[in-house]
Every structure is written in C-alpha cells, then in structure tokens.
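Here is how names work: the chains are called A, B, and so on, in the same order as the sequence lines, proteins then strands, and each is numbered from 1.
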Amino acid sequence: MALELLRDTAIPKTAAVYPLQWRSRVYAIVGLVSLLGVVIAATLAIGSTHIPLATLGNILLAKLPFIGVESTWASSMETIIFDIRLPRLLLAGLVGASLAVAGATYQGLFRNPLADPYLIGVAQGAALGAVTGFLLPASWQAASIPLLAFAGALLAVAVVYSIARVGKTLPMTTLILAGVALGAFLAAITSYLMIASGDKLHGIISWLLGTFSLTSWWQVTMVIPYISLGIVVIWLHARPLNVMQLDEEQAQQLGINVERVKLILLGAATLITAAAVCFCGIIGFVGIIIPHAVRLIWGPDHRFLLPLSTLAGASFLILADTVARTMLAPTEIPVGVITAFLGAPFFLYLLRQKKRAIF
Amino acid sequence: MFNLRLDEVSLGYGKRTVLHNISLEARPGEMLGIIGPNGSGKSTLIRGITRLISPSSGQIFLDGQNIASMSHSDLARLVAVVPQNPVLPGLFTAFEVVLMGRTPHLGFLKYEGKRDLAIVQRAMEATQTAAFAERRIGELSGGERQRLTIARALAQEPKIILLDEPTAHLDINYQIETLDIARQLCLEQKLIVVATLHDLNLAAQYCDRLVMLCDGKIHCHGVPAAVINTQTVKEVYGAEVYVYPHPINGLPATLIASRKDTSKPNARAM
C-alpha cells in the first residue's frame with residue numbers, strides 16, 4: 001500500500017487499542033517478577049529452622065559490599081540459607097522455568113494443547129539413563145546418574161528426530177508418533193531394569209517422581225549455562241513461533257524459514273528439558289499446566305507467553321518444593337506429587353472461570 | 001515493469017510430475033485466472049510460485065530474478081498467498097492475524113511500529129474486516145476468515161497476490177464480494193493477481209486472461225471468450241455444458257446440461 005495514503009491518517013482506532021494490550025502484559029511481567037521475589041524470600045525463611053524475615057534481610061544485606069551489618073545471628077543460619085536453601089530454591093526455580101518454557105514451546109510447535117516437554121522421548125530417555133546409573137556401584141552414582149540421564153534424554157530425542165526426518169523436512173505428526181513409540185520401548189527397558197534392581201527400587205522411584213532433596217551449589221552451576229542459553233534462544237524465536245500457529249505452509253509464505261525454526265526450537269527445548277530433569281528427575285505437570293494457565297489469563301502471543309511462563313514456572317516449582325520439604329518434615333514428599341496436587345485444582349478452577357476455547 | 005514469468009516450469013512431488021513445461025507471464029493490474037479440473041495442477045502451480053516446492057526443471061522469475069535465489073522473507077515481501085481453507089489460530093484476535101502479514105518486513109528482533117499498525121488498519125478497512133478486529137478468530141465465520149486472509153496478504157504489501165480457490169467454501173454473495181475486492185485491489189494498486197478457480201462463470205466475469213490446465217499442461221489460454229466455450233469445457237472437464245454470451249456483458253457464461261434425462265414435467269411447468 002502506498003505510503004502517501006497513510007501519511008495524513010492518524011493512528012486508527014484498533015491500532016490504538018493494540019498498545020493497551022501490551023501495557024497489561026508488561027504489568028503482568030512486573031507482577032510476576034515481584035511474585036518471584038516474594039516467593040524466594042518466603043522460601044528462604046520457611047523450614048525446619050525458622051528464620052525471621054528481619055534476620056533474613058540482615059543476613060542478605062551483610063553479603064552485599066559496602067554495607068556494614070553487625071552479625072547478631074548464629075552462623076548456622078547463614079549456612080542454612082546459603083548452602084542449603086538457596087541452591088535448592090535456585091535449582092527448583094531453574095527447573096520450573098525450563099519445564100514451563102519447554103512445554104509452551106512444544107505446544108506451539110506441535111500446535112497441540114496436549115504437548116508437554118516429555119512428548120518426544122526426553123523423559124523416557126532420561127529415566128533409562130538414570131536407572132542405569134542407579135545400577136552402577138554406589139561410589140559412581142552421584143556423578144553418573146545425572147550424566148546418564150542428560151545423555152539419555154538428548155540421545156532419545158536425537159533418535160526420534162532422525163527417524164522422523166523425511167529428506168529436508170520434519171513432519172510433526174511423524175515426530176510425535178516416533179517419540180511415543182521409542183518412548184514406550186525405552187520405558188519397557190526401564191521397567192525391566194527396575195524390577196531387576198532389587199533394593200535400589202526406592203531410590204529409583206523417588207528419582208522418577210522428582211525431588212530436590214540433595215541439591216547443592218555444583219548442580220546449580222552445572223545446569224545454569226544450558227538452561228539460560230536455551231531459554232534465551234526460545235524467547236528470541238517468539239515471533240516466528242506466533243506465525244507458526246498458522247500452518248507451516250502459511251508460515252513459510254509469510255517469510256519464516258520453517259524448517260530452521262523447528263530445528264532450533266526443538267533443540268533448545270530438548271536441551272533445557274534434559275538439563276532440568278538430569279538432577280531432580282521427571283517432574284510432571286509443570287510443563288503442561290503453567291503455559292495453559294498463562295495462555296488463559298494473558299492470551300496466546302508467545303512474546304509474552306514465553307517470558308510469563310518462565311516466571312510463573314519458576315515461582316510455582318519453588319513453592320511446590322517448599323511444600324514438599326516442609327509438609328511432612330523431616331520426611332520429603334516427591335515434588336512431582338505436590339505439583340499435581342496443587343496445580344490440578346488451580347488449573348481446573350481456571351478452566352471453569354474462562355469457558356471460551358483455551359487453545 | 002514488474003512481472004511474473006514462468007519459463008518451461010515442471011513441478012511435482014517426489015518422482016511424480018504434476019505440471020509439465022508451463023510457461024506464462026503476468027503483468028501488474030492484470031487478473032490472471034487458472035482453471036482446470038481437479039488434479040490438473042492448479043494448486044501445485046501456486047505452491048511452486050511460493051517455493052513450497054521447487055521446479056524439477058525450468059525457472060520462475062519475479063522482476064527478472066529467479067525465485068530460487070531469494071530468501072524466504074524476500075519472496076514474502078513480493079508474493080502473498082490467500083490459501084484455500086487456511087488454518088488460523090483460534091485464540092489470536094483478527095488484528096493479530098493480519099499483523100502477521102508484516103512478518104517479512106520486520107527484522108529478527110524488531111517489533112511492529114506505528115507504520116505497521118497503520119498498514120494493517122488500512123488493509124482491514126479495504127477488506128471490510130476492521131469491524132471485527134478485536135474479535136478472536138475462533139468466533140468468526142468462514143467468509144470473515146477468508147476476507148481476513150486477504151487483509152493479511154495486503155498487509156504484506158506484495159506485488160503479487162495468489163488466491164487459491166478463494167471462493168470454494170463461500171456462498172454466492174461472499175464469492176462476489178471476495179472477487180470484487182481482489183479485482184479492485186488489482187486495478188487500484190497495480191497488483192498482479194493470480195487466482196485458481198473452479199467456477200467457470202466467476203473466472204470469466206473477473207479475470208482478464210485465463211489459463212486452462214489439463215493433465216498438467218496448458219490446454220489453451222487467452223481472454224475468457226477464447227478459452228471458455230462448449231468445446232474446450234467438454235474436452236478438458238469431460239462435462240456437457242452449454243456456453244453462451246452473458247446477456248449483460250457478453251462474457252462467456254456456462255450452463256450445465258446433465259447427461260441424465262432431466263425432463264421434470266412439474267419443474268418445467270413452473
């Protein structure tokens with residue numbers, strides 16, 4: 001359309017409404033960032049040793065340079081905060097963010113509301129890797145379980161990908177079917193190994209349900225590079241992902257290099273999912289419920305859906321893990337039990353509230 | 001002058017060739033109709049021009065440049081498609097879907113500016129879709145969605161619009177409305193419009209030139225009166241029809257004549 005036609009036109013009505021939608025979503029991002037801050041502070045304070053919020057504030061302030069705060073607290077409190085609770089909540093936050101973003105990405109890529117991060121074999125690959133690790137001598141387990149889980153997840157998706165690929169294209173239906181079939185095959189092997197594992201069964205089952213009970217700093221520093229890289233790459237592809245909500249032909253006719261975007265997004269989502277599950281096991285439900293909840297409240301635009309899911313997923317899993325470690329303390333409940341127990345009713349409530357189409 | 005040129009193009013899927021050695025040319029301000037029976041390769045032609053499939057031989061040129069050497073977004077800035085039965089995401093608003101038409105004009109990390117929003121608004125006014133800009137796609141009728149994809153094509157600011165069976169699922173009023181819009185855009189903005197059409201009457205009424213495909217080859221081409229007649233329709237479609245000049249404008253009008261005995265005394269009496 002010729003530019004001259006546009007010059008004297010004021011921004012028309014609908015175009016003026018559009019920035020307003022943006023404003024509410026920016027408020028949402030600010031709101032969720034604050035929520036995450038509150039959740040982190042509360043989680044640091046809550047536990048078998050209760051730490052008053054004022055003390056917590058002072059301990060955190062004392063860590064900052066140039067601020068002199070006189071130490072009036074037991075040094076054990078510092079240990080609890082910095083060596084036990086902080087790494088654990090950071091890992092929970094990273095994992096929650098990864099699973100939620102990966103879920104949103106898969107749902108967008110497959111244009112299927114049932115897609116979750118484990119759809120194309122990540123979980124089954126990771127589980128087989130981890131169970132193999134459990135069967136190794138005890139002294140090797142700490143290192144081998146996460147490594148084998150990570151490798152198993154990536155390998156499973158790589159096999160699914162290479163099976164489903166036709167020439168230069170990747171038909172998504174074939175990808176799902178190949179993922180489901182290979183997943184069943186790997187799950188069969190995993191089940192067999194579990195039966196044969198004897199007294200290690202308890203450890204395996206609690207890994208499979210997901211837990212953060214043994215988190216320390218080295219695990220956080222191991223996964224941070226993969227997860228932050230993967231999430232940033234996915235965020236950057238939000239607009240192509242929007243356009244791909246049309247079918248692939250239309251997306252390509254609108255100038256999107258569809259095959260390349262699919263490959264990048266599948267790779268990034270698989271990477272962050274593998275990094276998320278390798279230390280803490282297969283935590284269900286976050287990847288499916290958080291993106292849907294965000295979509296129900298703030299709409300389907302991936303430029304907001306992805307960052308909002310990241311923030312909501314992090315807050316949600318930190319909260320769930322706090323419940324998991326405090327509800328029956330000193331016994332830990334697997335966090336996967338809590339995510340479903342807390343998340344499902346909230347999600348069903350949202351579904352009832354908004355009766356329009358959800359995807 | 002900008003033009004679209006196909007030079008001895010063969011297109012197909014895998015080993016199966018659907019179109020053989022097609023050569024044609026279209027110029028701005030011209031509406032070109034592609035007609036032919038089911039399976040004659042009409043949609044394949046459109047898929048070839050948008051590079052969803054690559055020619056097994058021959059070349060396609062836009063303004064003298066071979067499309068095989070263009071990037072996806074370069075091509076999308078020149079060619080927009082109004083697909084047959086498009087999948088549209090139900091939760092997005094009509095405005096957001098038309099805004100997707102701006103995709104090829106935006107850089108990787110660039111957000112839509114005021115100019116993009118104004119172009120979208122113009123496109124929606126031109127297609128009479130602005131009234132439901134805020135509604136979600138899932139709530140719209142088939143005719144509204146069809147017009148919305150035309151608006152999206154316009155928002156691409158293309159030089160060529162390809163319409164793939166634009167009237168296939170529309171009632172007669174929307175058929176006329178859709179093609180009126182296409183024709184008007186073609187003339188006012190000097191676009192090249194290429195439409196595949198099943199309906200020979202619509203093709204004759206709206207297109208400046210027609211190409212009749214048969215078994216993947218061009219059976220005949222030219223102005224409607226030269227392409228559509230009782231003889232060619234029988235040869236290409238195998239259908240018994242009677243073609244006569246339209247009483248108002250003299251363009252060829254096609255009447256069906258069933259092979260069965262359709263003498264219905266009651267109907268005739270009315």
query = Which region of B:R77, side chain (C-beta onward) or backbone (N, CA, C, O), has a non-hydrogen atom less than 4.5 Å from a non-hydrogen atom of chain A, or is it both or neither?
reply = neither

query = With respect to chain A, which residue among B:V81, B:V97, B:L162, B:T149 yields the maximal number of heavy-atom pairs within a distance under 4.5 Å?
reply = B:V81

query = Between B:D7 and B:R5, is the closest basic N to carboxylate O distance under 4.0 Å?
reply = yes

B:P83 portion near chain A, given a 4.5 angstrom heavy-atom threshold = side chain

task = Can you tell which part of B:L106 gets under 4.5 Å to a heavy atom of chain A, answering side chain, backbone, both or neither?
result = both

Side chain to side chain, B:L179 and B:P166, heavy atoms closer than 4.5 Å = yes

inquiry  = Is B:R102 in contact with chain A via its backbone, its side chain, both, or neither, using a 4.5 Å heavy-atom distance?
reply    = neither

request  = Could you tell me whether B:D164 and B:K42 have a side-chain N and a carboxylate O separated by less than 4.0 Å?
outcome  = no

Between B:N3 and B:E25: side-chain donor-acceptor atoms closer than 3.5 Å = yes

Interface residue of largest heavy-atom contact number with chain A, from B:D116, B:L52, B:T50, under 4.5 Å = B:L52

query = Where does B:L75 contact chain A at under 4.5 Å (heavy atoms): side chain, backbone, both or neither?
reply = neither

B:E144/B:R136 ion pair, N-O < 4.0 Å = no

query = Is there side-chain contact between B:L88 and A:L246, with at least one heavy-atom pair below 4.5 Å?
reply = yes

